[in-house]
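First the structure, then my questions, so here it is.
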Amino acid sequence: MQVIEQILTRSVVEGIKLLYGQSCPPELIQLQKTRREFDGDITLVVFPLLKLSRKSPDITAADIGSYLQDHCQEIVRFNVIKGFLNLVISTGYFLGHLNRALDAERYGFCGVLPDSRTIMVEYSSPNTNKPLHLGHIRNNLLGYAVSNILEANGQRVIKTNLVNDRGIHICKSMLAWQRWGNGETPADSGKKGDHLVGEYYVKFDREYKKQIADLVAAGMSREEAEKKAPLMIEAQEMLRKWEAGDEAVLLLWKKMNMWVYEGFDGTYKRLGVHFDKIYYESETWIPGKNAVLEGLGKNVLVKRDDGSVWADMRDKGLDEKVLLRSDGTSVYMTQDIGTAKVRQQDYAPDKMVYVVGNEQNYHFKVLAIILDMLGFPWAKTLHHLSYGMVELPEGKMKSREGTVVDADDLMDEMIDTAREMSKELGKLEGLSDDEKEDIFRIIGLGALKYYMLKVDPVKNMLFNPRESIDFDGNTGPFIQYTYTRILSVFRKAEELQIDRPDRSPENIAVNDKEKNLLRLIHEFPAVLADAGETFNPSLIANFIFELVKEYNQFYHDYSILKEEDPEIRKFRLVLSRVVSGIVKNGMELLGVEMPERM
RNA sequence: GGUUCCGUAGCUCAGUUGGAUAGAGCAACAGCCUUCUAAGCUGUGGGUCGCGCGUUCGAAUCGCGCCGGAAUCACCA
């Protein structure tokens with residue numbers, strides 16, 4: 001809670017005691033931001049207090065208003081409109097707060113505290129059979145941003161990735177490469193490793209479809225054809241060999257996965273995300289299998305006649321879930337059980353956050369239940385941070401129809417757009433080509449990242465590849481632009497030999513735009529805390545947009561360096577300094593870099 | 001069919017521990033650059049907050065029922 005709200009809550013409780021002889025539970029005190037059209041900073045809603053005052057809303061509001069004005073030095077005046085008590089906070093209070101913000105190393109951020117929790121955040125979680133796409137971009141940006149936000153709230157965060165490097169999907173790519181690859185490698189083809197492997201995955205799918213069609217044409221049912229197609233049978237055989245440790249299969253698997261990892265590393269690096277620890281399912285499926293077998297021994301799981309092992313959750317209103325196939329191989333769930341177990345052994349986190357799409361809501365619900373059935377006390381620390389799908393105008397991305405938006409291509413396009421636009425505007429004269437390219441990259445990626453993070457994670461979002469992402473309005477470049485304008489003021493101040501003030505005067509009058517900015521600055525720590533509690537980066541994104549929009553108005557309406565009153569000029573410089581700090585630090589939480597000029 | 005999530009301006013989205021006349025951006029139209037960067041600022045038009053009922057002094061926000069969309073309910077991941 002913000003400082004002023006604590007002061008006011010306490011003061012209102014005291015006032016009600018004095019005025020009406022009633023003790024007021026603090027939860028009845030509803031404080032909110034005053035709406036723009038009224039005079040005031042904070043509004044007390046008096047309706048819930050009427051049962052204590054036993055007076056009309058207007059009289060109650062006036063009583064409390066007078067009390068606060070007399071007893072609370074931060075309140076300079078008030079007005080009452082239809083049961084809403086609008087309170088005007090002294091400018092001095094906000095200016096004092098501004099100076100504290102200026103002194104803070106990173107205003108609004110918390111350092112690690114003695115009672116900080118260790119939180120493990122899993123994100124990205126790619127399969128090793130194809131390159132990353134638009135959906136992964138949302139996932140990566142969310143996971144990275146949430147991790148940063150939790151850290152800014154004083155938690156110890158371990159960013160982790162779970163690479164799904166085993167299973168039938170990678171066997172499909174391997175099989176196709178073996179058959180049709182003619183030894184092609186990333187090195188001699190010039191293709192990025194993940195893209196190359198992805199091509200063979202697609203090749204498998206195409207050939208597999210042909211086989212199915214042939215079998216169906218020969219009179220087989222589609223369902224049977226899907227199971228009996230020779231390619232599928234071969235892929236399954238390959239998976240069995242893999243689990244049995246067949247050397248040739250393992251060698252091929254290692255080679256192709258290595259290509260994929262090198263490709264992923266390039267994409268991650270460009271996106272600006274990284275991990276503290278990477279887990280591989282190929283290393284956690286055995287612990288998972290063991291946990292399942294132990295569960296079987298303790299009779300919390302059941303074995304069927306065909307040898308398959310199941311969790312029976314029908315008493316919990318859910319169904320049964322297979323954990324080991326009849327041929328003894330493990331499934332996705334088994335691997336996740338193992339991964340969770342290994343992580344507990346490695347780090348014993350207080351909380352385990354899984355950033356995974358909402359298509360897996362059921363999976364994570366079941367995972368937590370099964371871990372609980374298996375007797376792990378930490379089962380309840382799992383949190384599925386579920387986010388919505390990224391959809392195209394024509395619906396879901398489908399690799400079959402070639403509508404998948406590739407992550408690498410998209411980043412290229414964004415940077416190209418930034419380059420074209422910058423050239424048109426022609427503001428970067430005098431910079432070296434390298435400097436320019438760096439700025440294009442920062443702007444292009446900034447547009448992409450902000451676009452994805454400003455949307456509430458739970459919601460599905462639309463991405464239209466034909467209408468490229470905007471650079472005006474509520475966008476990353478708009479925010480970056482505002483930031484560079486502020487830096488430009490500071491550079492100009494230096495040229496004019498205007499000293500950088502180390503604090504703002506606190507006894508000056510401010511205009512409306514300045515007051516709005518002071519209020520927003522005051523609000524930032526609460527927004528950051530809220531974003532951490534709700535795992536929601538969009539709160540930060542939307543707050544920063546509001547802040548820079550307000551700053552642009554101020555910048556447009558008033559001059560900073562040409563202001564004649566030196567005290568006001570000092571204040572405006574400090575105000576700009578604090579705004580630029582919030583914008584930079586806040587955008588960095590989102591993984592968006594800030595250019596120095598643009 | 002069961003379960004979960006979503007439905008706010010032409011489009012993309014804010015706003016939901018219940019509060020005042022529901023806000024931005026884009027698109028459209030009309031203005032503002034000898035000034036600290038016009039990727040900016042100002043203005044105009046644009047809404048049965050999917051529909052209905054209920055709870056309440058007060059509902060976009062909470063409950064119930066519909067309608068629309070999505071996901072999921074695999075020996076896929």
Side-chain angles (χ1 to χ4, degrees), chain A residues 27 30 32 34-38 43 45-48 50 57 81-84 86 125 127 129 164 167-169 236 281 304 306-310 317-319 321-333 335-336 357-363 365-366 386 388-389 391 393 395-396 418 421-422 424-425 427 443 447 451 454-456 458-464 467 469-482 484-493 495-496 538-539 541-543 545-546 548-549 552-563 572 576 597-598:
Chain A
E27 59 270 20
Q30 288 184 25
Q32 54 189 247
T34 303
R35 293 177 64 111
R36 282 285 167 106
E37 61 266 38
F38 303 108
T43 293
V45 184
V46 300
F47 294 102
L50 300 184
I81 296 168
K82 295 200 297 189
F84 292 88
N86 301 320
S125 320
N127 292 346
N129 61 337
N164 193 348
I168 193 78
H169 55 89
Q236 280 163 345
E281 289 200 351
R304 287 192 185 166
D306 63 4
S308 57
V309 179
W310 296 74
L318 296 166
D319 217 334
K321 181 79 194 174
V322 69
L323 296 176
L324 291 177
R325 295 188 188 101
S326 50
D327 68 0
T329 56
S330 62
V331 297
Y332 181 46
M333 188 63 77
Q335 296 164 176
D336 260 349
N358 62 14
E359 57 199 350
Q360 293 189 32
N361 285 354
Y362 182 75
H363 173 79
K365 188 176 175 182
V366 169
S386 163
M389 299 289 97
E391 288 168 349
K396 255 191 112 168
M421 206 166 282
S422 293
E424 234 172 80
L425 292 166
K427 294 184 183 181
I443 295 172
Y451 180 85
K454 74 175 177 185
V455 179
D456 186 334
V458 305
K459 295 196 175 171
N460 286 358
M461 64 181 292
L462 187 95
F463 176 80
N464 189 341
E467 298 171 14
I469 292 172
D470 261 311
F471 283 58
D472 304 315
N474 187 357
T475 66
F478 170 79
I479 292 165
Q480 291 169 324
Y481 176 69
T482 308
T484 58
R485 289 216 291 193
I486 299 177
L487 293 199
S488 181
V489 172
F490 296 151
R491 279 194 297 268
K492 188 84 178 180
E495 273 174 39
L496 298 172
S538 80
L539 298 179
N542 287 303
F543 172 84
F545 172 62
E546 209 182 324
V548 300
K549 200 160 46 118
N552 273 323
Q553 292 172 24
F554 158 74
Y555 179 94
H556 180 267
D557 292 352
Y558 301 97
S559 181
I560 297 164
L561 301 177
K562 293 213 172 79
E563 169 58 42
R572 288 182 183 166
S576 300
R597 57 185 82 214
M598 65 189 275

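First the proteins, then the strands, lettered A, B, ... as listed; each starts at 1. Hydrogens, waters and symmetry mates are skipped; everything else that's a heavy atom, side chains included, is used. Computed from a predicted structure; not experimentally measured.
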Syn within 90° of 0, anti beyond: C67(B) is anti
*Could you tell me whether the side chain of Leu561(A) reaches within less than 4.5 Å of the side chain of Val489(A), counting heavy atoms only?*
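Side-chain contact under 4.5 Å: yes.
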Over all strands shown, is Ile443(A) touching base, sugar-phosphate only, or nothing at heavy-atom distances under 4.0 angstrom?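 Base: the residue Ile443(A), judged by heavy atoms under 4.0 Å, touches a nucleobase.
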Asn361(A) atom CG is separated from C73(B) atom P, nearest whole Å, by 11 Å
task: Mind checking Gln360(A) for me? I need base, sugar-phosphate or nothing, with any heavy atom below 4.0 Å counting as a touch.
output: base
- request: Would you check if the distance from the ring center of Tyr481(A) to the ring center of Phe471(A) is below 6.0 Å?
  value: no
Of all heavy-atom pairs linking Val322(A) and Ser308(A), the shortest is CG2-CB, 4.4 Å
C51(B) to U8(B) separation - P atoms, rounded to the nearest Å: 10 Å
When rounded to whole Å, the CD to C1' distance for the pair Glu546(A) and G23(B) reads 10 Å
In whole angstroms, the gap separating P of C76(B) from CD of Glu281(A) amounts to 15 Å
Stems for RNA chain B (at least 3 consecutive Watson-Crick or G-U pairs, under 3.5 Å) come to B:1-7 with B:67-73, B:10-13 with B:23-26, B:28-32 with B:40-44, B:50-54 with B:62-66
Requested in this report: Begin with the C-alpha distance, continue with both residues' side-chain angles, and end with the deciding distance and a verdict on side chain to side chain contact (heavy atoms under 4.5 Å, CB included) for Ser386(A) and Asn361(A).
Outcome: CA-CA 7 Å; Ser386(A) 163; Asn361(A) 285 354; 2.9 Å; yes
Using atom P in both nucleotides, what's the gap between U42(B) and U3(B) to the nearest angstrom? 49 Å
Per nearest nucleotide of RNA chain B, the residue lying toward the 5' end, Lys562(A) or Val331(A), is Lys562(A)
### Message
Between Asn127(A) and Asn129(A) (side chain of the first, backbone of the second, donor and acceptor by atom type, cut-off under 3.5 Å), is there such a pair?
### Response
no
Query raised in the report: With sugar-phosphate meaning primed atoms plus P, OP1 and OP2, does Tyr332(A) contact a base, only sugar-phosphate, or nothing at under 4.0 Å between heavy atoms?
Result: base
Picking from C26(B), C6(B), A38(B), the nucleotide nearest the side-chain atoms of Asp470(A) would be C26(B)
Any heavy-atom pair between the side chains of Phe554(A) and Ile560(A) that's under 4.5 Å? yes
| said: Using the P atom as the point on both nucleotides, what is the distance between C6(B) and U17(B), in whole Å? | reply: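 Between the two P atoms, the distance is 14 Å.
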query: What is the nucleic acid contact for Thr475(A), judged by heavy atoms within less than 4.0 Å: base, sugar-phosphate only, or nothing?
result: nothing
| Given the C1' atoms of U37(B) and A30(B), what is the spacing between them in whole Å? | 25 Å
Under 4.0 Å, counting only non-hydrogen atoms across every strand here, what does Tyr555(A) touch: a base, just sugar-phosphate, or nothing? base
Expected string for nucleotides 9-20 of chain B under the B/S/- scheme (protein heavy atoms, under 4.0 Å, primed atoms plus P, OP1, OP2 as sugar-phosphate) is ---SSSS---BB
Distance test, side-chain N/O of Arg36(A) to OP1/OP2 of U21(B), below 4.0 Å:
no
Specify whether His363(A) and Tyr332(A) have parallel, tilted or perpendicular ring planes, treating 30° as the upper limit for parallel and 60° as the lower limit for perpendicular.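 Ring orientation, 0 to 90° scale: parallel.
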Scan side-chain atoms only and decide if Asp470(A) and Thr475(A) contain a donor-acceptor pair under the 3.5 Å cut-off.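 Asp470(A) vs Thr475(A): no donor-acceptor pair found between side chains.
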| said: I need the CG-P distance between Asp319(A) and U4(B), as an integer number of Å. | reply: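 Value for this atom pair: 16 Å.
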Here the distance between atom P of A74(B) and atom CG of Leu323(A), to the nearest Å, is 13 Å
Expressed as a whole number of Å, how far does the P atom of C26(B) sit from that of G18(B)? 33 Å
- In whole angstrom, give me the gap between the P atoms of G45(B) and A22(B). 15 Å
Exercise for review: Please test Leu487(A) against Arg597(A) for side chain to side chain contact (heavy atoms under 4.5 Å, CB included), starting from the C-alpha separation and ending with a verdict.
Suggested key: CA-CA 8 Å; Leu487(A) 293 199; Arg597(A) 57 185 82 214; over 6 Å; no
Point to revise | Any Ile81(A) side-chain heavy atom under 4.5 Å of Asn86(A) side chain | key: yes
Task: Most 5' of Gly167(A) and Ile560(A) on RNA chain B, judged by nearest nucleotide - done: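 Nearest-nucleotide comparison on RNA chain B picks Ile560(A).
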Exercise. With rounding to whole Å, what would you report as the distance between A20(B) and C13(B) at their C1' atoms?
Worked result: 24 Å
Separation of C57(B) atom P from Leu50(A) atom CG, nearest Å, is 11 Å
Distance, C1' atom - from C49(B) to A9(B), rounded to whole angstrom:
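Going atom to atom, C1' in each nucleotide, I get 10 Å.
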| said: Between Glu563(A) and Arg572(A), does any side-chain N to carboxylate O distance fall below 4.0 Å? | reply: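 Yes, Glu563(A) and Arg572(A) are salt-bridged.
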Whole-Å distance, His556(A) NE2 to U37(B) C1', equals 13 Å
Let me know the distance between CD1 of Ile168(A) and P of C76(B), rounded to the nearest Å.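 In whole Å, C76(B) P and Ile168(A) CD1 are 8 Å from each other.
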